[in-house]
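Side chains included, hydrogens not; waters and symmetry mates left out as well; all remaining heavy atoms used. We name chains A, B, ... by the order of the sequence lines, and we start the count at 1 in each one.
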There are 2 protein chains.
Amino acid sequence: MAAYDHPDPATFELTLVLRALADPARLEIVRHLARVGEANCATLIGTRPKSSMSHHFQVLRDSGILRTRIEGVQHRNSLRHEELDTRFPGLLTAVLNAP
Amino acid sequence: MAAYDHPDPATFELTLVLRALADPARLEIVRHLARVGEANCATLIGTRPKSSMSHHFQVLRDSGILRTRIEGVQHRNSLRHEELDTRFPGLLTAVLNAP
DNA sequence: TGCCTTGTTCGACTGTTATCGAACAATATG
DNA sequence: CATATTGTTCGATAACAGTCGAACAAGGCA
């Protein structure tokens, strides 16, 4: 599998980021990554099928919220917290701190 | 016209707030209110018809982002910035500061 | 090579949301 | 009272987004 395309921080769009975060499943993913740092897709799948999760990861990736690193057969995901902060300071932190 | 119902800050839901902000038209409204403090619907209507705007105001109101005060025939809108901050500290500020 | 694991892609379906005209409601004002 | 102003509600339509099974792709390993 070829590496993923990750958008440049300068091109992050606020509405895309907010929309990506405005979904319970994706918010769960983001919060989990904030705790564990890095995780592959499999460990993040709860009850949802793989195809649904794959979709959510793509939305999060396209908006700039996370990056996916390929290692063998696994795809390791982590937050792009610093990069997000360079364009939207404090946004991700506020979301992560929210109840 | 009877007064509007405004949700209590303790019941604000993050996904609702993020979804409300994740729309260009509504983001524009929020940014305008941040500048001018208070404004009635008419002054916020650009090219969109009244019915569309009325819908967006309702979404913003229901999520807790703004309050609407009725004065005569006008509906004056303003951000519930402090109340939003009590539940989601820094969130609205981060959104307002974003490019 | 054959098989297992990990994820993606495709296609269809479903539910939600935005948009907008038209009719309506409420208040002020002449 | 008649009319103008301000905004809501209704109903229809169209676009979008989430869900999920099935097929596919690629790497690791026996």
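Rounded to a whole Å, the CG atom of L60(B) is 12 Å from the P atom of dT8(D). If you measure from atom CE of M53(A) to atom P of dT6(C), you get 14 Å, rounded to the nearest angstrom. Taking atom CD of Q58(B) as the reference point, atom P of dA18(C) lies 11 Å away to the nearest angstrom. Regarding H56(A), its NE2 atom lies at a distance of 13 Å from the P atom of dT8(C), rounded to whole Å. Here the P atom of nucleotide dG7(D) and the CD1 atom of I45(B) are 7 Å apart, to the nearest Å. Between the CG atom of D62(B) and the P atom of dT17(C) there is a distance of 11 Å, given to the nearest Å. The distance from atom CZ of R61(B) to atom C1' of dT8(D) is 9 Å, rounded to the nearest whole Å. Put simply, CG on L44(B) is 16 Å from C1' on dT8(D), counting in whole angstrom units.
With dG7(D), dA18(C), dT8(C) as the choices, the nucleotide that has an atom nearest any side-chain atom of A42(B) turns out to be dG7(D). The listed nucleotides are dT9(D), dG18(D), dG7(C); the one nearest the side chain of S54(B) is dT9(D).
Heavy-atom nearest nucleotides on DNA chain D were determined for K50(A) and for N77(B), and the one closer to the 5' end corresponds to N77(B). Comparing S51(B) and D23(B) by the nucleotide of DNA chain C that holds the closest heavy atom to each, the one mapping nearer the 5' end is D23(B).
For the pair H55(B) and dT9(D), the criterion of a side-chain N or O lying under 4.0 Å from OP1 or OP2 is not met. A close approach under 4.0 Å does not occur between any side-chain nitrogen or oxygen of S52(A) and OP1 or OP2 of dG18(D). Here H75(A) does not reach the OP1 or OP2 of dG7(C): none of its side-chain N or O atoms lies under 4.0 Å away. For dC20(D), the OP1/OP2 oxygens have no side-chain nitrogen or oxygen of R48(A) closer than 4.0 Å. Within the structure, a side-chain polar atom (N or O) of R19(B) is placed less than 4.0 Å from OP1 or OP2 of dT17(C). Within the 4.0 Å cut-off from OP1 or OP2 of dG7(D), at least one side-chain nitrogen or oxygen of N40(B) is found. Put simply, Y4(A) has a side-chain N or O that comes within less than 4.0 Å of OP1 or OP2 on dT8(C).
Donor-acceptor pairing under 3.5 Å is recorded for the side chains of T93(A) and H81(A).
The aromatic ring centres of Y4(B) and H75(B) sit less than 6.0 Å apart.
In this structure, I70(B) is not a member of the same hydrophobic cluster as L66(B), with clusters built from ILVMFWY side-chain heavy atoms closer than 4.5 Å. Note on L14(B): it does not cluster hydrophobically with V59(B), by side-chain heavy-atom contacts below 4.5 Å among ILVMFWY residues.
Residue R76(A) is classed as having no contact, given no heavy-atom separation below 4.0 Å to the nucleic acid.
With R67(B) contributing its side chain and L79(B) its backbone, the two residues share a donor-acceptor pair below 3.5 Å.
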